[in-house]
Every structure is written in C-alpha cells, then in structure tokens.
Amino acid sequence: MANVEIKNLDKVYPGDSKTPDFKAVHGINLDIRDKEFMVFVGPSGCAKSTTLRMIAGLEEITGGEISIGGRVVNDVLPKDRDIAMVFQNYALYPHMNLFDNMAFGLKLRKMPKAEIKKRVDDAAKILGLDEILDRKPKALSGGQRQRVALGRAIVRQPEVFLFDEPLSNLDAKMRVQMRTEITKLHKQLDATMIYVTHDQTEAMTMGDRITVMKTGRIQQVDTPMGIYNNPANMFVAGFIGSPPMNFFYGSVQNEGGETYFLEKGSDTKIKLTDRLAKAAESATAKELVLGVRPEDILDSKNELPSDGEFAKIKSKVELSESMGAETYLYLSTNQHKFIARVGSAFQYEMDSQLEVAVNLKKAHLFDSESEELLSRI
C-alpha cells in the first residue's frame with residue numbers, strides 16, 4: 001500500500017536577531033490514498049512545494065508525522081523512502097545520452113545490467129523515447145527532456161511519484177500535451193502520485209482529488225468538481241475557475257414573505273431562491289456575499305435554460321473579449337464590476353447597456369466575515 005499520511009505537519013524557519021521565526025506550514029493533516037493522483041494547488045508562497053519536499057525528505061520537518069505505506073519516514077533519508085521526484089528543472093546530465101541519464105540511478109544501486117536495460121527500455125517505450133535513447137539532452141526539445149526526467153523516475157519503480165511544477169518551463173501547447181501524457185502515465189503505472197502546481201487548470205484536469213492551500217494551511221480537499229461546485233470558502237471559489245467567481249457584496253432583506261439580496265452601493269435587488277434564502281438565515285455577519293461563476297451569467301436576450309432559476313440585472317459593458325467559441329464580458333452595476341462568459345453569437349459594444357440573467361440555481365452565498373460557504377448546490 002503506497003498511501004501517504006500527513007499528521008499535524010509543521011514547518012518553521014528559524015529567524016535571527018533581526019527577524020522572527022517564520023512558520024511556513026501550519027498543522028497540516030492529509031490522507032493521500034493508494035494509487036491516487038493528488039494535486040496540491042495554490043498561489044506562490046502557499047507552501048505547497050515545501051510540503052512536497054518534506055514528504056520527499058529534502059526539507060526537515062519541524063513537527064508532525066509523515067507515513068508512506070504505513071511506515072513513519074520522519075527520520076528516513078530521501079533515498080530510502082521509496083519515492084521518485086520530478087522537478088521543474090530537468091536536471092539531466094549533458095554529457096550522457098538518454099539511456100545513461102535514465103539508467104544512472106540504477107547503476108548507483110549496482111543493479112544487474114540486464115535489469116537496468118529492461119527497465120530503461122520499458123520506460124522509454126511508455127514515453128515514446130525508444131528511438132532516440134542514443135541522443136544527448138542538447139538535441140532534445142523541452143517536452144522530450146521532461147519525458148527523460150519522467151523516465152528516470154519511472155525506472156526506479158517507486159511507491160510514490162512526486163512532481164514539483166514539472167511543466168512550468170514548457171510553452172502552452174507542450175504543457176497541454178505533457179499534462180495528458182502524465183495523466184495517461186498514472187493510469188498505466190497505477191501508482192500514487194502527488195503533483196504540485198499553481199495552475200488551477202492543471203489541477204482540475206489531472207487530479208483525482210485536489211488539495212487547495214493558502215499561507216501554509218489547507219483550505220479544502222475534494223474532487224475537482226466537488227471543489228468547483230461547492231468551494232469551502234471565498235478563497236477557493238476565487239482561485240479555482242477561469243475567469244474566477246464573481247462576488248457581489250450586499251445584505252439580505254425580507255419583504256412580504258420573500259427574501260431579497262440588495263447589492264451594496266447600487267439599486268440591484270435580487271429575489272433569492274429558497275435554497276439561498278435558507279442559507280442566509282445561518283449567517284452571523286450583517287453583510288453577505290453572493291458568488292456567481294461567469295458561465296452562470298447569461299445575456300437575457302438569449303433563450304435561457306429551462307432548468308435554471310434566473311434573476312435579471314441591468315449592467316454596462318466595459319469591455320468585450322472574443323475568445324473564439326465564447327466571449328468574456330467585463331460588466332459593471334454602478335459600483336461593482338463582474339465578468340460573464342457568454343457565447344460568441346452576438347457583438348457587444350463598449351459602454352452599451354446589457355440586461356443579464358444570473359442563474360441562482362448555481363449561485364452561492366458566503367459569510368463576509370468568516371468568508372465560509374453558507375450554501376451548497
């Protein structure tokens with residue numbers, strides 16, 4: 001079993017006479033299942049790479065416990081943890097050909113030559129490198145070099161693969177291709193993989209589950225669609241999704257047995273659905289936040305889906321960006337700016353007035369003070 005258990009994990013970087021200690025990781029608890037593809041995602045500085053390096057043994061643990069396959073590895077050297085790590089930089093030996101680069105770690109372990117050749121040949125075939133094993137790294141593209149780095153990890157046949165932003169040095173097209181290849185590789189090897197990225201698209205498309213981090217703390221752990229549809233708080237809601245979720249600040253008012261959301265600083269008034277009205281009752285703050293994803297804001301001139309519950313809002317078009325199959329509309333309602341993702345059938349002029357329909361069936365309410373989610377879909 002190659003599950004990874006993290007219990008109360010802390011990381012503190014000691015200061016000196018001029019600077020205080022810095023706590024980078026705050027009591028993380030996480031259970032990564034056997035054969036799971038787990039993605040750590042978050043902005044720069046959220047300690048996702050630091051956490052990965054502690055799992056690998058490259059960073060000393062200040063407090064807590066890490067277990068791999070049921071064995072506590074806090075004091076185990078990286079080479080004895082039965083893990084393989086793929087870094088952002090390929091770190092290939094320029095004077096060696098691909099075969100020797102992939103075989104180097106096995107040779108250090110004094111593995112029989114026949115076994116080394118079998119492992120390298122098998123990995124090269126999986127990665128499509130079998131025809132170019134005699135080449136040196138300088139003759140390869142960035143994507144091919146990353147495949148070699150993957151091959152060097154595969155030949156070790158570890159219990160756990162660790163990836164630290166391995167695609168960040170590739171161009172956009174190659175990132176998409178390598179993303180697909182790593183996902184296929186996970187299914188072929190049937191291994192436990194932990195993958196660090198700041199790119200939420202990579203997280204959504206690759207992970208069985210996602211761990212969203214902020215300032216050394218876990219914000220939410222769930223499947224990609226679980227996080228997308230029911231983000232635990234405003235940070236997760238704003239981080240996962242492109243363009244990000246729109247937030248409308250305001251208050252709730254009851255009139256004639258109905259519950260309305262009144263946007264702060266404008267005359268926008270939205271009648272809430274029963275689900276959202278019930279969620280508003282559990283709020284402790286006077287001010288609430290209505291969260292709506294851009295794809296759930298539609299041009300009211302179009303035919304609206306029959307399975308939605310819509311509220312109409314008057315807005316002004318500040319900018320229209322055509323993305324080919326769809327258009328991003330940057331809109332405003334007096335004080336507030338928001339984004340709608342609509343079809344490309346219509347043209348929108350800057351400063352024109354547009355009535356949009358907000359699908360409340362997929363909207364959320366957040367508490368403005370705690371920023372926690374109050375409603376679930």
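Side chains of L106 and F104 form no contact here, defined as non-hydrogen atoms less than 4.5 Å apart. Residues L331 and V317 have side chains in contact (heavy-atom distance under 4.5 Å, counting atoms from C-beta outward). Put simply, the side chain of V212 reaches to within 4.5 Å of the side chain of I227, judged on heavy atoms. In this structure, K117 and V120 have side chains that are not in contact, with every pair of non-hydrogen atoms separated by 4.5 Å or more. Looking at heavy atoms from C-beta onward, M350 lies out of side-chain contact with S320 at the 4.5 angstrom threshold. T333 places a side-chain heavy atom less than 4.5 Å from the side chain of I313. In this structure, the side chains of P137 and Y90 stay at 4.5 Å or more apart for every pair of heavy atoms. Contact of the Q200 side chain with the F239 side chain is registered, since non-hydrogen atoms from C-beta on lie closer than 4.5 Å.
A salt bridge does not link D307 with K361: none of the charged nitrogens is closer than 4.0 Å to a carboxylate oxygen. Look at E295 and R341 and you find a salt bridge, because one of the NZ, NE, NH1 or NH2 atoms lies within 4.0 Å of a carboxylate O, short of that distance. Between K48 and D164, no side-chain nitrogen of the basic residue sits less than 4.0 Å from a carboxylate oxygen of the acidic one, so the salt-bridge criterion is not met. Ion pairing of R275 with E309 is absent here, as no side-chain N (NZ or NE/NH1/NH2) approaches a carboxylate O to less than 4.0 Å. A salt bridge is absent between K125 and D121: the closest approach of a Lys/Arg side-chain nitrogen to an acidic carboxylate oxygen does not fall below 4.0 angstrom. With salt bridges taken as basic N to acidic carboxylate O contacts below 4.0 Å, one links K35 and D190. Ion pairing of K314 with E355 is absent here, as no side-chain N (NZ or NE/NH1/NH2) approaches a carboxylate O to less than 4.0 Å.
Summarising the geometry of V25 relative to A47, their closest heavy-atom pair is CG2-CB, 3.8 Å, with the distance given to 0.1 Å. The nearest pair of heavy atoms linking A311 to L360 is CB-CD1, 3.9 Å. Listed here is the closest heavy atom pair of N101 and Y93: OD1-N, 2.7 Å. Contact between P166 and V196 at its shortest, heavy atoms only, is CD-O, 4.2 Å. Among all heavy-atom pairs drawn from N74 and G64, the shortest one is ND2-O, 2.8 Å. Of all heavy-atom pairs between A103 and I116, the closest is CB-CG2, 3.5 Å.
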Could you check L98 against K136 for side chain to side chain contact (heavy atoms under 4.5 Å, CB included), going step by step and ending with a plain yes or no? CA-CA 6 Å; L98 304 197; K136 291 186 177 178; over 6 Å; no
Give the intermediate values and the outcome of side chain to side chain contact (heavy atoms under 4.5 Å, CB included) for residues F366 and E371. CA-CA 6 Å; F366 299 88; E371 298 192 351; 5.9 Å; no
With side chain to side chain contact (heavy atoms under 4.5 Å, CB included) as the criterion, how do M174 and Q146 come out once you've worked through the C-alpha distance, each side chain's angles and the decisive distance to 0.1 Å? CA-CA 10 Å; M174 186 56 67; Q146 192 57 276; over 6 Å; no
Verify side-chain hydrogen bond (donor to acceptor under 3.5 Å, both in side chains) between E318 and S332, making sure each step is shown before the conclusion. CA-CA 7 Å; E318 296 201 338; S332 65; 3.3 Å; yes
Audit row: M193, M38, side chain to side chain contact (heavy atoms under 4.5 Å, CB included) steps and yes/no: CA-CA 6 Å; M193 294 186 175; M38 173 64 81; over 6 Å; no
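Atom OG1 of T50 sits about 12.5 Å away from atom CD1 of I61, to the nearest 0.5 Å. To the nearest 0.5 angstrom, I182 atom CD1 is 11.5 Å from L189 atom CG. Rounding to the nearest 0.5 angstrom, the gap separating the CG atom in N97 from the CZ atom in R135 is 12.0 Å. One distance of note links CD of E349 with CD of Q347; it measures 7.5 Å at 0.5 Å rounding. Once rounded to the nearest 0.5 Å, the distance linking CG of L9 with CD1 of I66 reads 5.0 Å. Atom CG of N359 sits about 9.5 Å away from atom OG1 of T273, to the nearest 0.5 Å.
Side-chain atoms of E59 never come within 3.5 Å of backbone atoms of K11 as a donor-acceptor pair (strictly under, hydrogens ignored). No donor-acceptor distance shorter than 3.5 angstrom exists from the side chain of H186 to the backbone of G207, with no hydrogens or angles considered. When atom types are taken as modelled, the side chain of D80 and the backbone of V73 share no donor-acceptor pair closer than 3.5 angstrom. With hydrogens and angles ignored, the 3.5 Å screen pairs a side-chain donor or acceptor of S315 with a backbone N or O of L354. Without hydrogens or angle criteria, N89 side chain to A91 main chain gives no donor-acceptor distance under 3.5 Å. For the pair T180 (side chain) and V176 (backbone), a donor-acceptor distance under 3.5 Å is present. Within the 3.5 Å criterion, the main-chain N or O of G105 finds no donor-acceptor partner in the side chain of R152. Looking at N8, its side chain never comes within 3.5 Å of a backbone N or O of E65 through a donor-acceptor pair. Looking at T19, its side chain never comes within 3.5 Å of a backbone N or O of G15 through a donor-acceptor pair. Between the side chain of R81 and the backbone N or O of I55, at least one donor-acceptor pair lies under 3.5 Å.
For the pair K312 and F310, the cation-pi test (distance below 6.0 Å, angle within 45°) is failed. At least one cation-pi condition fails for K271 and Y260: the charged atom is not both under 6.0 angstrom from the six-membered ring centre and inside a 45 degree cone around its axis. A cation-pi geometry, defined here as NZ or CZ lying under 6.0 Å from the six-membered ring centre and within 45° of its normal, holds between R293 and Y228.
For CG of D21, the number of neighbouring non-hydrogen atoms (other residues, nucleotides, ligands) closer than 6.0 Å is greater than 12. Within a 6.0 Å radius of CG in N254, other residues, nucleotides and ligands contribute more than 12 heavy atoms. More than 12 heavy-atom neighbours from other residues, nucleotides or ligands sit within 6.0 angstrom of CD on E255. The environment of K118 atom NZ is sparse: at most 12 non-hydrogen atoms of other residues, nucleotides or ligands sit within 6.0 angstrom. Taking a 6.0 Å sphere around NZ of K301, one finds it holds more than 12 heavy atoms contributed by other residues, nucleotides or ligands.
Defined by atom type and a distance below 3.5 Å, a donor-acceptor pair is missing between the side-chain atoms of T223 and D208. Looking at T192 and E36, their side chains never bring a donor and an acceptor atom within 3.5 Å of each other. Y330 and E321 are linked by a side-chain donor-acceptor pair at a separation below 3.5 angstrom, with hydrogens and angles left out of the test. Side chain to side chain, E5 and S67 fail the donor-acceptor criterion of an N or O pair below 3.5 Å. No side-chain donor from either of S251 and E287 sits under 3.5 Å from a side-chain acceptor of the other.
Annotation: F40 is not in aromatic contact with Y195 [ring centroid separation under 6.0 Å not met].
The aromatic rings of F163 and F37 lie parallel to each other, with less than 30° between the two planes, well short of the 60° mark. The aromatic rings of H336 and F338 sit parallel, their planes meeting at an angle under 30°, below the 60° perpendicular limit.
Hydrophobic cluster membership differs between V358 and M245, with clusters built from Ile, Leu, Val, Met, Phe, Trp and Tyr side chains linked at under 4.5 angstrom.
Residue R217 is tested with M213, Q219, K214 for a side chain to side chain contact (heavy atoms under 4.5 Å, CB included); the sole match is Q219.
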